[in-house]
Amino acid sequence: MDYEVQQVDIKTAFLNAELNEDIYIRIPEGLRDEQELNKQPNLVLKLEKSLYGLKQAPRMCYQHLSKTLKREQGFQCNPVDDTILKYKHHKTGKECFILIYVDDLLVAAQDIDTICSHYDARDLGTASFFCGMKISRDRNKRLIYLSEPNKIQKLISQFNTQDCKAKNIPLDVVLSAKNDGELCDTTEYQVLVGSLLYLSTTTRPDLCQAASQLSRFMANPTRTHLKEAQGVLKYLKAIVNYGLCLGSRLDILPDDIEFVPDKQTRKSRTWYILLFNGNLLSWQSKLQSTVSTSTTMPKYQSASSAVEEALWLNNLLSDLTGGNLSKQVVTYCDNQECIKILENNHRMQKTKHIDVAHHFVRERVMSGDFMFRYCESAEMLADYVTKNSNQETFWRCITRLGVVQMNARDSTN
């Protein structure tokens, strides 16, 4: 498509939406008539439109904006994500895509004048920052880069790690709740780990394993836990200008789990990564809700979670492109017994204890929507977040996932 991606900001967006329920406010200072208030001390004002600060304001603002775009310009919401709208001109065939985040819009089209004409909006030009993410574009190579150097620099300064020695990997130890030591400031720890979790879900998938481990000790962190969390900042210090690269690459969808990594809960960890044309679109790392009795059971549950997310992404992208992207999604797994169970519905003896909610993945395999292939553990890209990998393995995995340096890619031309 090679569309221009423009950013639009709607001024006083919340004030455009009308309320669908009765809300009253006290008369603000400057509008009060003291004499009238003395006569009617319970006098209040009824709101006709939403205001900043109301709980309903973001929702009402979105409804007003989406209804306007659909009614007056013919946009249609994506069936699986209402914040994405699409319009296709019936004569010229030109398309326009809009992503809504509160009062900020990303517009992929050749002309955005029609949007600005309905609202007091500002065309901020080519998108360079959105939701805290820095956007860089290399048109020659048809690549887009997402990074958050400002947020990382702020964290490093906030926790005074700018002069510390850099690390090569985020976390190189297995943390335990039984670690002896003095308790640290809980608020400080929660702020740091919460920020790392945010980064790990946006542009820095290389932090997933570290952030996931550290988040288990939010209630009673010790100084040992805080030291390891600050160690992640030392890792980030060396690669502040790294981020996620999206472009034309290979098409794979691997998933992997780690069997019983948590010595306290004895629960396995589910991890999957979803790629489209080699671009990392979604990833997840979390403890499973049940204790596993074999390596096959958590693999099976992990496959179920990966398929759920893949189906959602397929529906999302199919609507954007106007048709199904692929007749069959290829999934890689390093457990051959799990693949045999998925492909053979007669192996019920080994799956009696697995919740029925996870069995829909077998139906998708039988229908031909998904194909599971075996992949050796050494080749699994997910290994770096399910296990404490060495430096070589860690960097090999995250590089293949598209975590690259950004300092030479600041051009948006």
Side-chain angles (χ1 to χ4, degrees), residues 1-20 23 28 30 47-78 81-89 92 94-139 142-154 198-199 202-203 241 243-244 246 316 320 406 409-413:
M1 296 182 184
D2 199 30
Y3 286 151
E4 297 292 338
V5 181
Q6 306 288 108
Q7 187 169 355
V8 176
D9 176 65
I10 300 178
K11 299 179 182 178
T12 60
F14 286 5
L15 306 183
N16 294 310
E18 296 183 358
L19 295 172
N20 58 1
I23 297 179
L47 288 179
E48 296 293 337
K49 294 193 174 184
S50 63
L51 291 176
Y52 286 86
L54 288 179
K55 293 182 179 180
Q56 301 91 335
R59 176 63 177 170
M60 302 310 300
C61 174
Y62 163 76
Q63 289 183 344
H64 184 272
L65 177 58
S66 62
K67 285 180 180 179
T68 300
L69 292 172
K70 288 188 287 186
R71 181 181 63 251
E72 300 184 11
Q73 300 186 33
F75 279 85
Q76 295 295 325
C77 289
N78 189 286
D81 192 336
D82 289 342
T83 63
I84 300 177
L85 294 94
K86 174 184 176 181
Y87 170 75
K88 186 174 183 178
H89 196 278
T92 63
K94 293 182 178 180
E95 294 178 320
C96 176
F97 302 91
I98 297 179
L99 171 64
I100 302 174
Y101 184 80
V102 192
D103 58 347
D104 291 321
L105 281 68
L106 278 185
V107 183
Q110 297 177 345
D111 180 17
I112 65 171
D113 292 339
T114 54
I115 298 171
C116 296
S117 63
H118 288 81
Y119 295 95
D120 184 9
R122 295 180 300 162
D123 179 6
L124 303 180
T126 302
S128 57
F129 280 93
F130 189 74
C131 295
M133 291 183 287
K134 182 179 179 181
I135 305 172
S136 304
R137 193 170 183 179
D138 189 331
R139 285 190 174 275
R142 301 179 66 84
L143 299 174
I144 292 179
Y145 304 89
L146 304 177
S147 60
E148 295 174 279
N150 294 342
K151 184 174 183 63
I152 294 174
Q153 288 284 16
K154 182 179 178 181
Y198 175 80
L199 288 170
T202 52
T203 62
N241 292 317
L244 200 57
L246 303 176
L316 174 70
L320 294 178
M406 302 293 188
R409 316 191 189 274
D410 291 335
S411 174
T412 56
N413 297 326

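Quick caveat: nothing in here was measured; it's all calculated off a predicted structure. Heavy atoms only: backbone and side chains are in, while hydrogens, waters and symmetry mates are out.
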Roughly how far, to the nearest 0.5 Å, is the [atom2] atom of [Y] from the [atom1] atom of [X]?
{"X": "Leu105", "Y": "Ile10", "atom1": "CG", "atom2": "CD1", "result": "5.0 Å"}
{"X": "Ile98", "Y": "Thr83", "atom1": "CD1", "atom2": "OG1", "result": "11.5 Å"}
{"X": "Tyr198", "Y": "Lys151", "atom1": "OH", "atom2": "NZ", "result": "6.5 Å"}
{"X": "Leu69", "Y": "Cys96", "atom1": "CG", "atom2": "SG", "result": "8.5 Å"}
{"X": "Leu320", "Y": "Ile84", "atom1": "CG", "atom2": "CD1", "result": "5.5 Å"}
{"X": "Cys131", "Y": "Leu106", "atom1": "SG", "atom2": "CG", "result": "7.5 Å"}

For residues [X] and [Y], determine if any side-chain heavy atom of one lies less than 4.5 Å from a side-chain heavy atom of the other.
{"X": "Thr126", "Y": "Gln6", "result": "yes"}
{"X": "Phe14", "Y": "Val102", "result": "yes"}
{"X": "Asn241", "Y": "Ser147", "result": "no"}
{"X": "Gln56", "Y": "Ser50", "result": "no"}
{"X": "Ile23", "Y": "Leu51", "result": "no"}
{"X": "Lys70", "Y": "Leu85", "result": "yes"}
{"X": "His64", "Y": "Glu18", "result": "no"}
{"X": "Lys86", "Y": "Gln76", "result": "no"}

Ser128 and Ile135: side-chain contact (heavy atoms from CB on, under 4.5 Å), yes or no, with the steps? CA-CA 5 Å; Ser128 57; Ile135 305 172; 5.6 Å; no
Please report the shortest heavy-atom distance between [X] and [Y], naming the atom on each side.
{"X": "Thr202", "Y": "Met133", "value": "CB-SD, 4.5 Å"}
{"X": "Tyr87", "Y": "Gly74", "value": "CD1-O, 3.5 Å"}
{"X": "Lys49", "Y": "Leu15", "value": "CD-O, 3.1 Å"}
{"X": "Leu316", "Y": "Asn78", "value": "O-ND2, 3.3 Å"}
{"X": "Tyr62", "Y": "Asp82", "value": "OH-O, 2.6 Å"}
{"X": "Phe129", "Y": "Gln7", "value": "O-OE1, 2.7 Å"}

Does the plane of the ring in Phe130 sit parallel, tilted or perpendicular to the ring in Tyr101? Use 30° and 60° as the thresholds.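 Phe130 and Tyr101: perpendicular rings.
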Mind running side-chain contact (heavy atoms from CB on, under 4.5 Å) on Thr68 and Asn16 for me, showing each step along the way? CA-CA 11 Å; Thr68 300; Asn16 294 310; over 6 Å; no
